Amino acid sequence: ARRRVVADDVLRLECMADEQTVLPGSVRNNLGDGKPDKRKQAAVELESEIRRISHSTSHSFDNGHRGATRAREQIISHIRCLVEEFCKSAFPNHRKGGLLGLASVAIALEHKPVQPFASQLVLPVLTCFSDEDAWVRYSACEAFYNIAKVVRNGLITHNHMPEIFDGLCRLYVDVDRDVKKGANCLDKLVQDIVTECRDFDYAAFIPLLTTRINVPNPCLRQLILGWIMLLDSVPQVDMIEYLAQYLHGLFHILASDNRDIRHTTENFLNDLLKEIQSSMSDRPERAQHAIANAAETVAHCCRTGERRSDDNFVRLTALSWLSKLLGYQEELHCRTQNGSGLKKLVPVLLSGVLYCLDDNEPEIRGNANDSNIRLQSATQKLPAGNIPVEAITDAVLGAMNDTVAGKVRNSKVMQICFAWVQLILDQCRAQVLQPSVRDRLLESAFQALWRPEEDLVVDALLLISQLMASSDDTENQVMLVPAPPPKKLVEVDNGLFARFCYRILRTMAEDSAVLKSRGELIVRKLCDGVDAELVFATAANAVADEQDVSLARRLVRVLNRVLFTSRETRDFRQKLQLDAVHSARPGAANSGAQAVPQLLMQLVRSWFHCPVSTVTLCLWLQWFELAAEITARLVEEVEQGQELQEQLDEFVELLESPVFIRLRFLLLESQRKPFLLHAVLGLVALLPRPKEQALRPRLDVVQAGLLLDKFGFPRGQRSPLPKHVAVEETLGAQFMHRPGHF
């Protein structure tokens, strides 16, 4: 290899010696001189020499004639000498002289004879576009300009356009002002050559533009924009066909600091929209293709910039395009009655609209909101089977789970996303309820339950309820089990609703603040949307087996308040009371637990985690005997504390509420219902004096003391209830002797 390198160097030196002999001595001496006048004089002499050689034969250089071949070899020798001795010289003046000499060769040969030498003349000049000396780069601009004026379309036929355009890009970003001016002149000349050439491969050239269009240099942006506008003006080029390749770059240019470039780009974007609109009547396929190609880019540009103020104009223009494209697509839909285009367009544009709904710029927010309304209207125009449910779901979930500048989406965006889910649920219920869609929606709605905005939580619960209620009933069935093994909020069935409820309970168990702030709201809305009986049966299954007594007690208190205070459970309350009245009462004479409906027993079994709530439930069910027994045990065995006082306060509030008005009337019948009075008096005895005074007027009315004496209840002692009234007979001993209960 070493020998080969040495041999090549020797051969090159020999060739240079031979080539130097072809140049006249004065040309060789003056072409590298430091004075421009001497270099020009040498160039004139060289031009005369090349013209003499060219005219020495009447044949073309490529026809194989001996004279033409000899002349061709002489010209090649001159060019090679100029390149090797001058253009590649270490001295700037020599390089400038070599460039001047190459231009003289091209001028001497004129248009047709110069074509065989086009590559040898052009490529060395392009190399000098990157020269370290600014004057050499400027000389390269001059040389290329003179060569290109002679070669013309030979630049295209010899496939030098990629190198030429790359050289132009380098010149446009040059730091020297004169070089930039020279590049501008070259650009205009190359544009003229391209437009007059019929064989130019525009499809291969456009990628050269798109690969450089995102470079932030304003001069380069101006170059690229000028070429795109030029190609759009050429009749034989349909730039709409290539819209997807350069549209994103045009929007990127809108973020430029140069006002003139932004203005030019904005006008050109408007012209493109007009082209799309004009083709809708005579060439609808072209318009449809353009809309489809532009949609994804426009949606992406709506999300550009991470909300930087510098990119507001980009997002605003993208939203304008989005609105226009949607209008064009709706018009095409009306003309052709073909919904495939609108079907594909809606989810693509939706992702961009949802991103801008909480933009910092009011105008952007307003335009995004208007576009969202139009998208919803367009979706409703589609046949139910033609709505892209999964694609819309992807866009909606993407917006819900997205973060912008490190922040989660605000409640307005989330509510609009829920509105979209409601729309597709109303239009395509069967498709939305497919597990692949439904489960993803449930997951996002579940995450929204823990957001701080209450109205958003309500919407999430509404969606969850609708998805649950619309699912197969067999999925939501809850099996009530008499006494399963103890577990920690673990599912005892595989129903969809049960699994979801257990997950909610587990989340609230991990965060007591969530249980306190959101527990009642979640239960109420689930009862309203699904079914109160299903909700309470599922919760009863979970709470009954909970080993964490403190957690179970808090859950029961939440469920108890919802059961007796919310309108959503009114029908369920009435059903429970009606079932209890028509069934045997635990603790009453000649009655047993086996005759009590299973749901009632399951609720009472679960409520035993919180004795005061259990008493409240028993009083509502008119199981006064059981309520009295629990109250007696509560008085004797439960340690007094702040939590018990809170439970008693809740009891007082419930007793004074309109829901328990019938129970308050029953207090007047104490002679026939002594166990009711005993239960109430027992709870009153636990109240501190300020709270006791709230119930004192009620008790005075029934003359509690006289009634107790009349029925033989010794005061201050446990009531002598029959043995069969004991709670062990009704619920089993294990529920009564758990630590923390009694």
Side-chain angles (χ1 to χ4, degrees), residues 512 515-516 519-520 523 536 539-540 543-544 546 548-566 569 573 576-577 580 586-587 600-657 659-660 663-664 666-667 675-696 698-699 718-719 721 727 730-731 735-742:
S512 58
L515 176 62
K516 183 177 181 180
E520 291 186 37
V523 176
F536 276 85
V543 175
E546 176 56 35
D548 186 342
V549 177
S550 177
L551 169 62
R553 185 162 50 247
R554 294 197 303 271
L555 289 171
V556 169
R557 289 178 62 184
V558 170
L559 293 170
N560 192 68
R561 285 195 297 270
V562 173
L563 178 61
F564 293 115
T565 61
S566 66
T569 58
R573 288 195 303 267
L576 289 177
Q577 191 176 69
L600 293 180
M601 294 307 302
Q602 184 74 359
L603 289 177
V604 175
R605 184 182 295 115
S606 304
W607 258 237
F608 258 98
H609 288 286
C610 182
V612 177
S613 296
T614 310
V615 172
T616 306
L617 178 61
C618 291
L619 291 178
W620 174 259
L621 298 176
Q622 299 186 20
W623 290 356
F624 302 136
E625 295 84 355
L626 186 58
E629 177 68 11
I630 296 172
T631 302
R633 295 187 179 223
L634 184 66
V635 172
E636 293 182 358
E637 301 179 17
V638 175
E639 182 180 355
Q640 301 294 314
Q642 180 64 32
E643 187 175 3
L644 178 61
Q645 294 303 318
E646 292 176 358
Q647 297 175 30
L648 292 171
D649 290 345
E650 291 177 3
F651 171 77
V652 172
E653 293 176 4
L654 288 175
L655 190 61
E656 292 295 316
S657 67
V659 174
F660 280 86
L663 182 67
R664 295 197 297 272
L666 291 178
L667 284 172
F675 294 104
L676 167 61
L677 185 59
H678 179 80
V680 174
L681 285 176
L683 292 176
V684 171
L686 295 174
L687 290 170
R689 180 166 296 275
K691 296 292 183 181
E692 179 187 349
Q693 297 302 320
L695 291 179
R696 182 59 59 186
R698 301 277 183 200
L699 300 178
R718 181 174 174 179
S719 59
L721 300 178
V727 180
T730 304
L731 300 177
F735 289 100
M736 296 305 303
H737 297 295
R738 284 187 179 179
H741 287 172
F742 296 98

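Since we're looking at a predicted model, the values are computed, not measured.
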> If I compare all heavy atoms of Cys618 with all of Ile630, which pair ends up nearest, and what's the gap?
SG-CD1, 4.2 Å
> Between the main-chain N or O of Ser613 and the side-chain N or O of Arg557, is there a donor-acceptor pair closer than 3.5 Å?
no
> If you define the side chain from C-beta out and look only at heavy atoms, does anything of Leu576 sit under 4.5 Å from Leu563?
yes
> Tell me every residue that passes salt bridge (Lys or Arg N to Asp or Glu O under 4.0 Å) with Glu520, counting only those two or more places apart in sequence or in another chain.
Arg561
> Counting distance only, does the side-chain N/O of Thr616 pair as donor-acceptor with the main-chain N or O of Val612 below 3.5 Å?
yes
> Using 0.5 Å steps for rounding, measure from the CG atom of Leu677 to the CG atom of Leu666.
12.0 Å
> If you define the side chain from C-beta out and look only at heavy atoms, does anything of Val680 sit under 4.5 Å from Leu676?
yes
> Is any side-chain heavy atom of Leu617 closer than 4.5 Å to a side-chain heavy atom of Phe564?
yes
> Kindly write out the residues that satisfy ring-ring contact (aromatic ring centres under 6.0 Å, His included) with Phe536, not counting sequence neighbours, or none if the list is empty.
Phe572
> Of the non-hydrogen atoms in Ser606 and Ala540, which two are nearest, and what is the gap between them?
OG-O, 2.8 Å
> Return the CD to CZ distance between Glu656 and Arg664, rounded to the nearest 0.5 Å.
5.5 Å
> Could you go step by step and tell me if Leu648 and Leu644 meet the side-chain contact (heavy atoms from CB on, under 4.5 Å) rule?
CA-CA 6 Å; Leu648 292 171; Leu644 178 61; 4.2 Å; yes
> Quick one, Cys610 and Asn560 - any side-chain contact, counting heavy atoms below 4.5 Å?
no
> Please verify the inter-ring angle class for Trp620 with Phe660; under 30° counts as parallel, over 60° as perpendicular, anything in between as tilted.
perpendicular
> Compare every heavy atom of Ala627 with every heavy atom of Leu619, then report the nearest pair and how far apart it is.
CD2-CB, 3.9 Å
> Would you check if Thr565 and Leu654 make a side-chain contact, meaning some heavy-atom pair closer than 4.5 Å?
yes
> Go through it in stages, so that I can follow the logic: the residues are Leu626 and Phe675, the test is side-chain contact (heavy atoms from CB on, under 4.5 Å), and I'd like the CA-CA distance, side-chain angles, deciding distance and then a yes or no.
CA-CA 8 Å; Leu626 186 58; Phe675 294 104; over 6 Å; no
> Measure the spacing between CG of Leu555 and CG of Asp548 and express it to the nearest 0.5 Å.
9.0 Å
> For Val562 versus Arg573, what's the shortest heavy-atom pair and its separation?
O-NH1, 4.5 Å
> Who are the side-chain contact (heavy atoms from CB on, under 4.5 Å) partners of Ala552, not counting sequence neighbours?
Val543, Glu546, His609
> Supply the atom-to-atom distance Trp607 CH2 to Gln602 CD, rounded to the nearest 0.5 angstrom.
10.0 Å
